[in-house]
Amino acid sequence: MSTLSDLVHAQGRLNDADVEWLHRLSGDGQLIADLAFADIVIWVATADGSFVAVAHTRPSSAATLFYRDIVGDQVRPQWRTQVQGAFDSAQIVDSSSPDWFEETPTRVRAVPIVRERTKDGEVPAVIGVLTRHTNLNDARTPSRQQITFNECADDLCRMIATGEFPDLSAPTSPRRGAPRASDGLIRLDVDGMVTFASPNALSAFNRMGFDDELEGESLVEVTTRILPSTHQVDESLPVVVTGRAPWRTDMEARGVTVSLRAIPLRDRGTRIGAIVLCRDVSELRHQEQELITKDATIREIHHRVKNNLQTVASLLRIQARRTHSDEAREALTQAMRRVASIAVVHDTLSEGLAQQVDFDEVFARVLKLVAEVAAAPNTRARTQSTGRFGVLPSEYATPLALALTELVTNAVEHGLAGQEGFVTIDAVRTESNLRVSVADTGHGLPEGRVGQGLGTQIVRTLIQGELGGSIDWHAANVDGAAVGTEVTINIPLRWLTK
């Protein structure tokens with residue numbers, strides 16, 4: 001399905017600022033729909049003078065009129081005059097009589113969408129039209145809550161028509177658990193006094209220790225009485241509970257956390273009160289805290305594993321220096337390098353939350369480690385890396401780092417033994433494959449045979465067994481001549497997470 005941006009840009013009549021405004025308004029579509037007990041549709045003008053629906057929100061507080069998605073549809077003939085009138089006049093246009101939609105009586109209100117409030121005397125910049133479709137089949141004597149919700153919806157519609165809603169100063173991307181109208185709604189007057197509190201809102205404050213009625217109380221004084229004197233208060237809380245700023249915050253008391261969102265109500269620039277939405281998010285915040293603790297624990301584990309591996313590597317280095325057997329010293333030195341390369345992966349994982357690593361960063365550290373340790377006094381090896389590995393999950397980063405450690409070590413110790421040369425590592429990543437080649441300008445494979453040592457066995461086990469890839473040894477080709485050795489690794493990306 002096309003996004004709102006795609007649908008709006010397809011018309012070619014609005015700029016990026018207009019699209020952002022419509023995005024903000026669409027983000028509050030659910031709030032308006034729930035307050036109005038009606039379907040909400042946003043329309044933008046087309047090149048041929050019609051209108052196309054770019055967003056649609058069904059109410060969770062009433063039955064929807066549109067059982068099929070109408071996003072992308074042209075405006076229906078019965079709404080065309082009303083939508084055009086709101087667009088041309090920059091005024092709210094209500095239907096004069098019930099509008100019938102598929103044998104259902106409805107009431108339609110067309111609201112011009114104005115981007116930012118204009119000064120007196122200026123022509124409003126209408127960028128679209130919001131229509132509010134109310135199902136009259138469910139008409140009954142409205143409750144006090146429904147009347148208040150509808151009044152709040154009317155206030156927001158008037159603010160939309162004057163460019164005062166949505167408010168661009170409000171924070172975007174609400175935290176998980178952002179309050180909705182059905183979670184709890186408090187209506188404040190201009191002085192911050194509660195004129196209405198829904199049952200859910202009252203229950204939320206009761207759970208925090210307030211055992212009286214909210215209506216007729218100052219919300220600031222209520223929160224002051226609830227919060228412990230030693231409790232650290234979010235600096236945004238005062239402006240939220242007074243309804244003076246479009247902000248979100250949490251308040252906590254008696255082990256209960258309530259999320260609050262304030263929406264100031266204005267009438268042509270003059271503040272007339274506010275809506276405060278509230279929701280008990282104690283369980284959600286508890287889950288978030290558990291995730292944070294879990295992430296911190298995982299990072300600490302990686303940090304300790306890294307430290308332990310570095311300790312093992314140091315012990316192997318000490319043992320290698322004290323041994324008198326050249327063969328034993330070489331075996332211990334190789335084991336030290338292998339352990340150190342695994343430690344690099346865990347060190348990288350300990351620095352972030354994700355269990356994925358930027359393997360280019362990891363390999364740069366591994367390459368430096370291998371080149372420094374592997375080179376003999378009479379060998380001058382220069383290493384260079386080209387291409388990009390990209391991001392790899394930790395379970396694949398470790399075997400790949402260890403395999404490349406073995407290949408680069410072999411290239412330096414055996415391919416370039418006793419001479420000066422280059423070791424080049426090239427990585428090519430596509431959507432379906434990761435190809436890595438390690439080439440040296442050294443002696444080359446004796447009679448084209450692949451070694452049968454421990455390093456070769458380790459590489460085969462890691463690449464073929466753990467990564468499901470393939471590996472090939474062959475003579476490197478430089479300017480048409482066979483020079484040195486090239487090892488090519490191919491790993492299918494179905495085994496990896498991009």
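In what follows, residues are counted from 1 in the order of the sequence shown.
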Side chains of L14 and V44 in contact at under 4.5 Å (non-hydrogen atoms): yes

Carboxylate-amine/guanidinium proximity below 4.0 Å for R24 and D167: no

Do D191 side-chain atoms and M193 backbone N/O form a donor-acceptor pair below 3.5 Å? no

Which atom names give the shortest non-hydrogen contact between R132 and A38, and what distance separates them? CG-CB, 3.9 Å

Got a sec: does the CZ of R266 have more than 12 other heavy atoms crowding it under 6.0 Å? yes

Closer than 3.5 angstrom, by distance alone: can the side chain of Q82 be matched with the main-chain N or O of V108 as a donor-acceptor pair? yes

Return the minimal non-hydrogen interatomic distance between D360 and G390, and the atom names on each side. OD2-N, 3.0 Å

Assess, by modelled atom type and distance only, whether the side chains of N490 and N433 contain a donor and an acceptor separated by less than 3.5 Å. yes

Heavy-atom check, side chain of I127 versus side chain of V114, under 4.5 Å: no

Can a donor-acceptor pair be found, under 3.5 Å and without considering hydrogens, that links the side chain of S259 to the backbone of R279? no

Begin from the C-alpha positions of L31 and L277 and carry the test side-chain contact (heavy atoms from CB on, under 4.5 Å) through to its verdict. CA-CA 10 Å; L31 170 64; L277 304 176; 3.8 Å; yes

For the CD atom of Q74 and the CH2 atom of W43, what is their distance to the nearest 0.5 Å? 8.5 Å

Pair E486, H474 - check side-chain contact (heavy atoms from CB on, under 4.5 Å), show working. CA-CA 5 Å; E486 181 175 17; H474 51 272; 3.3 Å; yes

Say whether, by atom type as modelled, one donor and one acceptor occur between the side chain of E252 and the main chain of V258 under 3.5 angstrom. no

When you measure from the side chain of R429 to the backbone of V391, do you find a donor-acceptor pair of N or O atoms at a distance under 3.5 Å? yes

Between M251 and L227, does the side-chain contact (heavy atoms from CB on, under 4.5 Å) criterion hold? Intermediate values first, please. CA-CA 8 Å; M251 62 180 293; L227 295 175; 4.0 Å; yes

Does the side chain of H56 come within less than 4.5 Å of I40's, by heavy atoms? no

F51 vs F87, test: side-chain contact (heavy atoms from CB on, under 4.5 Å). Steps then yes/no. CA-CA 10 Å; F51 292 87; F87 187 82; 3.8 Å; yes

Have T257 and D250 got a donor and an acceptor in their side chains that come within less than 3.5 Å? no

Heavy-atom check, side chain of T134 versus side chain of T106, under 4.5 Å: no

With a 4.5 Å heavy-atom cut-off, do V220 and V241 have their side chains touching? yes

Working to the nearest 0.5 Å, report the span between CG of L400 and CG of L404. 4.5 Å

From F149 CZ over to F37 CZ, what is the distance, rounded to the nearest 0.5 angstrom? 6.0 Å

Nearest heavy-atom neighbours spanning A153 and I32: CB-O, 4.5 Å

Euclidean distance, L392 CG relative to D358 CG, rounded to 0.5 Å: 9.0 Å

Distance in Å, R115 CZ paired with L22 CG, rounded so as to fall on 0.5 Å steps: 9.5 Å

Side chain S143, main chain Q146, donor-acceptor under 3.5 Å: yes

Salt bridge check: are D73 and R68 linked by an N-O gap of less than 4.0 Å? no

Rounded to the nearest 0.5 Å, how far apart are CG of L462 and CG of L402? 5.0 Å

Would R158 and D267 satisfy salt bridge (charged side-chain N to carboxylate O under 4.0 Å, His left out), going step by step from the backbone distance to the final call? CA-CA 8 Å; R158 283 195 296 270; D267 185 5; 5.4 Å; no

D183 side-chain N/O to R180 backbone N/O, donor-acceptor pair under 3.5 Å: yes

Compute the centroid of each ring, for F205 and then for F210, and state whether the two points are separated by less than 6.0 Å. no

Establish, from distance only, whether the side-chain atoms of D472 and T488 form a donor-acceptor pair under 3.5 Å. no

Short side-chain to backbone donor-acceptor contact, Q384 and I425, under 3.5 Å: no

List the atom of A262, the atom of P264, and the distance in Å for their closest heavy-atom pair. O-CD, 3.8 Å

Does a side chain donor of either T46 or D48 reach within less than 3.5 Å of an acceptor in the other side chain? yes

For V256 versus S282, what's the shortest heavy-atom pair and its separation? CA-OG, 3.4 Å

Determine whether a donor-acceptor pair (N or O, by modelled atom type, separation under 3.5 Å) exists between the side chain of N200 and the backbone of S182. yes

Output yes when a side-chain donor or acceptor of N15 lies under 3.5 Å from a complementary backbone atom of D18, and no otherwise. yes

Residue R80 excluded, over 12 heavy atoms near CZ under 6.0 Å: yes

Does a side-chain heavy-atom distance below 4.5 Å link V75 with S50? yes

Just to verify, which of T195, V276, V194 counts as forming a side chain to side chain contact (heavy atoms under 4.5 Å, CB included) with R187? T195

Are a donor atom and an acceptor atom from the side chains of T57 and Q30 found within less than 3.5 Å of each other? no

Decide yes or no for H133 and V41: does some side-chain heavy atom of the first lie under 4.5 Å from some side-chain heavy atom of the second? yes

Of all heavy-atom pairs between V129 and A110, which one has the smallest distance, and what is that distance? CG1-CB, 4.1 Å

Using side-chain heavy atoms (C-beta onward) and a distance below 4.5 Å, is L35 in contact with D154? no

